[in-house]
Amino acid sequence: MTTVISAQELDTSESATVRPAGTTKAWLTVVGCFLIQFSTVASVNSFGVLQDFYVHEFLPNSSASKVSWIIGFEILLQLSLGALAGKLCDMGHTKAILLIGTLVYLFCFFMLSLARSGQYYQVFLSQGFGMGIGVGLCYVPTLVTAANHFPRRHAIAMGIVSSSGPLGGVVFSITLNNLIPSVGFPWAVRAVAFLALGLLAIGNLLITAPSRPEQAAVIGKTSLLHGPYLWTVASGTLLQLGGLFPLFYIQLFASSHNLSRSFIFYSVAIMSFCIALGRVIPTYFAGKYGVVGTLIIFEALQTGIVFIMFGANRPAGLVIFAVLPRYGLIFGGVTSLFFPTITALVPSQVDRGKFVGVAMFPAAISSLIGSPVAGAIIGSNLDWWKGIVFSGVILGATTVLQAIARYLHQRTLRV
C-alpha cells in the first residue's frame with residue numbers, strides 16, 4: 001500500500017535519507033549547479049537568436065518548421081535523458097555523469113562552429129543531437145543534487161539553479177547577436193563555447209554530492225503509478241507542447257511585424273532576464289503557501305496572458321507581453337515550480353532523481369513535436385493567430401490537469 005506523508009513530515013524525515021555535506025559545501029554545490037545549467041541550458045534559451053539567423057541567412061533553404069526540429073530534438077534529449085541521469089544520480093554517480101555530460105556538450109559546441117552554411121544536417125547533428133545529449137546528462141542531476149543539499153528548502157534551491165538557464169540565455173544571446181555580424185558565425189560560436197568551457201570547469205569542481213547511507217530508510221512506498229504524480233506528469237507534458245511556441249517564435253513574430261531588429265533582440269534579452277527572476281521569486285510563495293497551489297495559480301495566469309500576443313505587433317505590446325507578464329514572472333514561475341511539485345506529491349527521497357527524470361520523458365516527446373507543430377500550424381504565410389490559439393488552449397488544459405492532481409493528493413491525505 002502506498003503511504004503519503006504531508007509536506008511537514010517530508011521535510012522532517014528527509015535528513016534521515018540524505019546527509020547534507022555542510023552549509024559551505026551545500027552553497028558551493030548550488031553555485032556549481034548554477035554554473036553548469038548557466039552554460040548548458042543557455043544553448044536552449046538562446047535559440048531564438050539562432051532561429052532567426054538560421055531561417056534568414058545560414059539555412060535559407062530550410063523552413064521555420066524544419067529549423068525548429070533542431071531545438072525540438074535538443075530539448076527532447078535534455079528531458080528524456082533525465083530518467084537515466086537521475087537514476088545514476090540516485091546511485092551516487094553524480095560527479096561522473098556531470099563530467100561526461102560536460103565533455104560531450106563542449107565537444108559538440110565546438111563542432112557546431114565548423115558547420116557550413118546551408119548544411120542542415122551538420123547543424124542538426126552538432127546542436128540538436130550532440131549538445132542535446134550533453135544538456136540531458138547535466139540537467140536533472142544538477143537540480144536533484146542542489147535539492148538534496150537543502151532538505152527543508154528544496155524548492156528554493158531548485159529555483160536558484162533553474163534560474164541560471166535564462167540568465168545564460170541572455171549572455172549567449174547578446175554575445176551571438178553582436179559577434180555574428182562582426183566576426184562571423186564560426187568565431188561567434190567558438191567565443192561562447194570558450195566561455196562555457198571555463199564556467200563548466202569551475203562548476204564541476206564546486207559540486208559535492210551529498211553522502212547517502214547504503215540502506216536508506218524509505219518513508220512508505222510510492223509507485224510511478226501514483227495518481228497525483230501521473231496527473232502532474234500529464235500537465236507538464238502539455239506545458240511543453242503549448243509553451244514553446246511563444247518562447248521560440250517571439251523574435252520571428254516581431255520581425256514579421258516589421259519591428260526594429262535591435263528593439264526585438266533586446267526585448268527578448270530582457271524577457272529572458274525576467275524569466276530568471278520568475279524562477280526564484282515564486283519559490284518564496286511556494287514555501288509559504290504550498291508549491292502545488294502556487295503552481296496552479298501561475299498556470300492559470302499563464303493561460304490568459306498568452307493571448308496578449310495578439311496585441312504584440314507594436315513595440316509597446318511586445319514589451320508588455322515579453323517582459324511584464326508571461327515571460328517575465330509567470331513563465332519562469334511555472335517552469336521552476338514544476339520540479340518541486342513532483343517532489344512534493346511523491347515523497348520518495350531515495351528515488352528523487354528517478355521520479356523527476358521519468359516525469360521528463362513524456363514532456364520530452366511533446367517538446368520535440370511542440371515547436372514544429374506550431375510552425376506547421378502558422379504555416380508559410382505566418383498566420384500567427386492560429387499559433388496563439390493553439391498555445392492558449394493547450395496551456396489552459398495544463399491548469400485543469402494540475403488542479404485534478406492537487407485534488408487527488410488532498411483526498412489521499414484525508415484517508
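Sequential numbering from 1 along the given sequence is applied to the chain's residues.
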Set out, in order, the CA-CA distance, both residues' side-chain angles and the distance that settles side chain to side chain contact (heavy atoms under 4.5 Å, CB included) for I36 and Y139, then state yes or no.
CA-CA 8 Å; I36 291 177; Y139 187 55; over 6 Å; no
* What orientation do Y54 and F185 show, parallel under 30°, tilted 30 to 60°, or perpendicular over 60°? ->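 If you compare the ring of Y54 with that of F185, the planes turn out perpendicular.
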Between [X] and [Y], is there a donor-acceptor pair closer than 3.5 Å when you use the side chain of the first and the backbone of the second?
X    : Y    : answer
K95  : T208 : no
Q402 : S235 : no
S126 : M111 : no
S391 : I388 : no
S113 : F110 : yes
S164 : I160 : no

message: Which residues pass the side-chain contact (heavy atoms from CB on, under 4.5 Å) test with T145, not counting sequence neighbours?
response: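 Partners of T145 under the side-chain contact (heavy atoms from CB on, under 4.5 Å) test: T29, C33, C89, T94, H149, I207, P210.
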Just jot down the side-chain contact (heavy atoms from CB on, under 4.5 Å) partners of F129, sequence neighbours excluded, or say none.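 Residues passing side-chain contact (heavy atoms from CB on, under 4.5 Å) with F129: F73, L77, I133.
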Using side-chain heavy atoms (C-beta onward) and a distance below 4.5 Å, is [X] in contact with [Y]?
X    : Y    : answer
L195 : V171 : yes
F339 : M360 : yes
Q302 : I305 : no
N45  : F172 : no
T40  : L200 : yes
T102 : C138 : yes
I75  : V44  : yes
L59  : Q119 : no

Once ring-ring contact (aromatic ring centres under 6.0 Å, His included) is applied, what residue pairs with a partner in residues 81-105 remain, sequence neighbours excluded?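 As it turns out, the ring-ring contact (aromatic ring centres under 6.0 Å, His included) pairs with a partner in residues 81-105, which skip direct neighbours, are Y105-F109.
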Distance only, no hydrogens: is a donor on one side chain within 3.5 Å (strictly under) of an acceptor on the other, for S43 and E74?
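Per modelled atom types, S43 and E74 side chains form a pair under 3.5 Å.
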Problem - Residues Q37 and S162: side-chain donor-acceptor under 3.5 angstrom - result: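 Judged by distance alone, the side chains do not pair up.
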Could you tell me the separation between the [atom1] atom of [X] and the [atom2] atom of [Y], rounded to the nearest 0.5 Å?
X    : Y    : atom1 : atom2 : answer
L241 : T398 : CG    : OG1   : 10.5 Å
I330 : F298 : CD1   : CZ    : 5.0 Å
S46  : N177 : OG    : CG    : 11.0 Å
Q127 : L50  : CD    : CG    : 5.5 Å
I369 : L76  : CD1   : CG    : 10.5 Å
T399 : L295 : OG1   : CG    : 8.5 Å

Looking only at heavy atoms, what is the nearest atom pair of [X] and [Y], with distance?
X    : Y    : answer
V67  : S62  : CG2-CB, 3.9 Å
P340 : V291 : CB-CG2, 3.8 Å
L179 : A188 : CB-CB, 3.7 Å
V280 : G159 : CG2-O, 3.8 Å
A115 : Q122 : CA-OE1, 3.3 Å
V49  : S173 : CG2-CB, 3.7 Å

Counting only heavy atoms not in W231, do more than 12 fall under 6.0 Å of its CH2?
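Open: at most 12 neighbouring heavy atoms sit under 6.0 Å from CH2 of W231.
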- Could you walk me through whether V123 and Y120 pass side chain to side chain contact (heavy atoms under 4.5 Å, CB included), step by step? CA-CA 5 Å; V123 178; Y120 177 85; 5.8 Å; no
Practice problem: Decide side chain to side chain contact (heavy atoms under 4.5 Å, CB included) for F194 and V189; before the verdict, give the C-alpha distance in whole Å, the side-chain angles of both, and the deciding distance to 0.1 Å. | Solution: CA-CA 9 Å; F194 276 117; V189 172; over 6 Å; no
- Check against side chain to side chain contact (heavy atoms under 4.5 Å, CB included), I180 and F53: CA-CA 9 Å; I180 288 177; F53 174 71; 3.6 Å; yes
